[in-house]
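In each ligand, atom 1 is the first atom listed, and ligand 1 is the first ligand listed. Positions are given from 1 along the sequence. Both backbone and side-chain heavy atoms feed into the values below; hydrogens, waters and symmetry mates do not.
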Amino acid sequence: MTTLRPAEAYALWAPRYAAETVISALEYVAVESLGVELRGRRLLDVGCGIARRLTQARESGVALAVGVDLTPRMLAEAREGELLAAADVRAIPVADAAFDVVWCRLVLGHLSDLDAAYAELARVCARGGRVVVTDFHPDAVAAGHRRTFRDAEGVVQEIEHHVHTPRAHRRAAARAGLTLVQRFDRVVGETVRGFYERADRLDVYEQQRGLAVVLGLAFVRA
Ligand SMILES: C[S@@+](CC[C@H](N)C(=O)[O-])C[C@H]1O[C@@H](n2cnc3c(N)ncnc32)[C@H](O)[C@@H]1O
């Protein structure tokens with residue numbers, strides 16, 4: 001199987017990206033459970049994809065919600081009216097300290113190096129603000145899992161992914177002025193059993209139960 005670069009992969013995945021997966025469902029629940037206050041805050045979602053999390057965040061009473069993503073085809077699938085721009089996490093086109101909460105969800109594993117990304121995430125976050133990062137868990141990669149999706153022809157495609165340990169995330173974040181305040185490791189379990197059941201793959205569920213597939217880190221901007 002050829003591994004696709006992120007921009008090429010997500011351009012192909014975009015029309016079907018709205019369908020939640022085991023990973024996205026676990027990631028959503030985990031970020032919600034962090035309890036980072038959004039009401040009245042300015043929220044930036046970096047690597048927002050189809051901006052579905054931004055749309056959901058509007059129900060929490062955010063003061064401002066903006067998304068950026070590398071792949072214009074993903075942004076084109078967003079709900080009309082979202083404030084969006086095409087940009088790379090390593091060069092975010094917004095002013096310093098312009099947001100109170102900055103998300104970067106399931107994006108950084110697509111980059112070989114974390115420093116430039118964390119520098120930008122920290123730069124755009126106001127002092128005392130929160131930066132929330134999630135990634136495909138290194139344990140999942142070690143267990144042989146890859147970042148894949150089915151294209152329009154039903155062919156399984158793999159997306160380029162780089163393993164970053166929790167320590168590597170923490171260190172790159174610290175170099176950018178971010179202090180870790182919370183970490184989570186989300187495992188395959190009851191929350192996502194239905195995905196396997198609907199696919200008639202409960203045997204796979206039993207094999208994967210307890211495997212960490214999503215890593216999450218919440219930082220405060222000093
Ligand atoms: C797994 S999707 C996650 C989308 C969204 N955060 C979510 O949770 O629904 C990864 C997204 O990261 C974007 N992406 C990949 N590399 C990026 C980069 N260097 N800068 C900005 N976005 C990037 C892709 O275009 C894709 O939309």
Side-chain angles (χ1 to χ4, degrees), residues 3-34 36 38 43-58 65-79 82-94 99 101-124 131-137 140-141 145-151 156-164 169 172 176 184 186 192 213-218:
T3 303
L4 301 177
R5 303 297 301 269
E8 190 187 351
Y10 285 101
L12 286 176
W13 194 354
R16 282 165 301 282
Y17 191 81
E20 298 280 358
T21 65
V22 167
I23 302 293
S24 70
L26 279 173
E27 194 267 355
Y28 174 71
V29 171
V31 172
E32 289 293 293
S33 70
L34 284 176
V36 174
L38 294 178
L43 169 67
L44 177 67
D45 188 359
V46 183
C48 65
I50 61 172
R52 60 181 166 192
R53 303 304 180 217
L54 276 180
T55 302
Q56 289 158 340
R58 291 195 183 284
V66 176
V68 300
D69 195 279
L70 182 71
T71 313
R73 189 65 189 80
M74 288 289 275
L75 296 172
E77 294 293 323
R79 196 180 69 167
E82 295 293 352
L83 288 173
L84 304 171
D88 193 298
V89 59
R90 292 161 291 194
I92 305 171
V94 308
F99 291 87
V101 179
V102 179
W103 286 342
C104 189
R105 304 173 61 169
L106 299 173
V107 178
L108 295 186
H110 292 316
L111 277 66
S112 58
D113 182 74
L114 293 175
D115 278 317
Y118 271 108
E120 277 294 86
L121 295 173
R123 180 186 66 75
V124 300
V131 174
V132 176
V133 169
T134 62
D135 199 2
F136 193 58
H137 203 290
V141 180
H145 296 279
R146 300 291 176 260
R147 297 185 77 168
T148 58
F149 67 99
R150 280 187 193 278
D151 67 17
V156 176
Q157 301 281 0
E158 181 174 348
I159 315 172
E160 179 181 335
H161 178 80
H162 303 270
V163 175
H164 304 296
H169 276 280
F184 61 78
R186 275 289 156 148
V192 289
V213 291
V214 178
L215 169 70
L217 306 143

Parallel, tilted or perpendicular: rings of Tyr10 and Trp13 (30°, 60°) = parallel
ask   = Would you call Arg53 and Glu20 a salt bridge, using N to O less than 4.0 angstrom?
value = yes
message = Would you say His164 and Asp135 are linked by a side-chain donor-acceptor pair, where the criterion is simply a distance under 3.5 Å?
response = no
Only distances under 3.5 Å count here; give the side-chain donor-acceptor pairs of residues 70-77 to other protein atoms, sequence neighbours excluded, each with its distance to 0.1 Å.
unit_1 : atom_1 : unit_2 : atom_2 : d
Arg73  : NH1    : Glu77  : OE2    : 2.7
Arg73  : NH2    : Glu77  : OE2    : 3.3

request  = Using a strict 4.0 Å threshold on nitrogen-to-oxygen distance, state whether Arg90 and Glu120 make a salt bridge.
outcome  = no
message = Tell me whether Arg146 contacts the main-chain N or O of Thr3 through its side chain, where contact means a donor paired with an acceptor under 3.5 Å.
response = no
Quick check for students: name every N or O atom pair between ligand 1 and the protein closer than 3.5 Å, with distances.
unit_1   : atom_1 : unit_2 : atom_2 : d
ligand 1 : 6 (N)  : Gly47  : O      : 2.7
ligand 1 : 6 (N)  : Arg105 : O      : 2.9
ligand 1 : 9 (O)  : Arg52  : NE     : 3.2
ligand 1 : 9 (O)  : Arg52  : NH2    : 3.4
ligand 1 : 19 (N) : Asp88  : OD1    : 3.3
ligand 1 : 19 (N) : Asp88  : OD2    : 3.4
ligand 1 : 20 (N) : Val89  : N      : 2.9
ligand 1 : 22 (N) : Leu70  : N      : 3.3
ligand 1 : 25 (O) : Asp69  : OD1    : 2.6
ligand 1 : 25 (O) : Thr71  : OG1    : 2.6
ligand 1 : 27 (O) : Asp69  : OD1    : 3.2
ligand 1 : 27 (O) : Asp69  : OD2    : 2.7

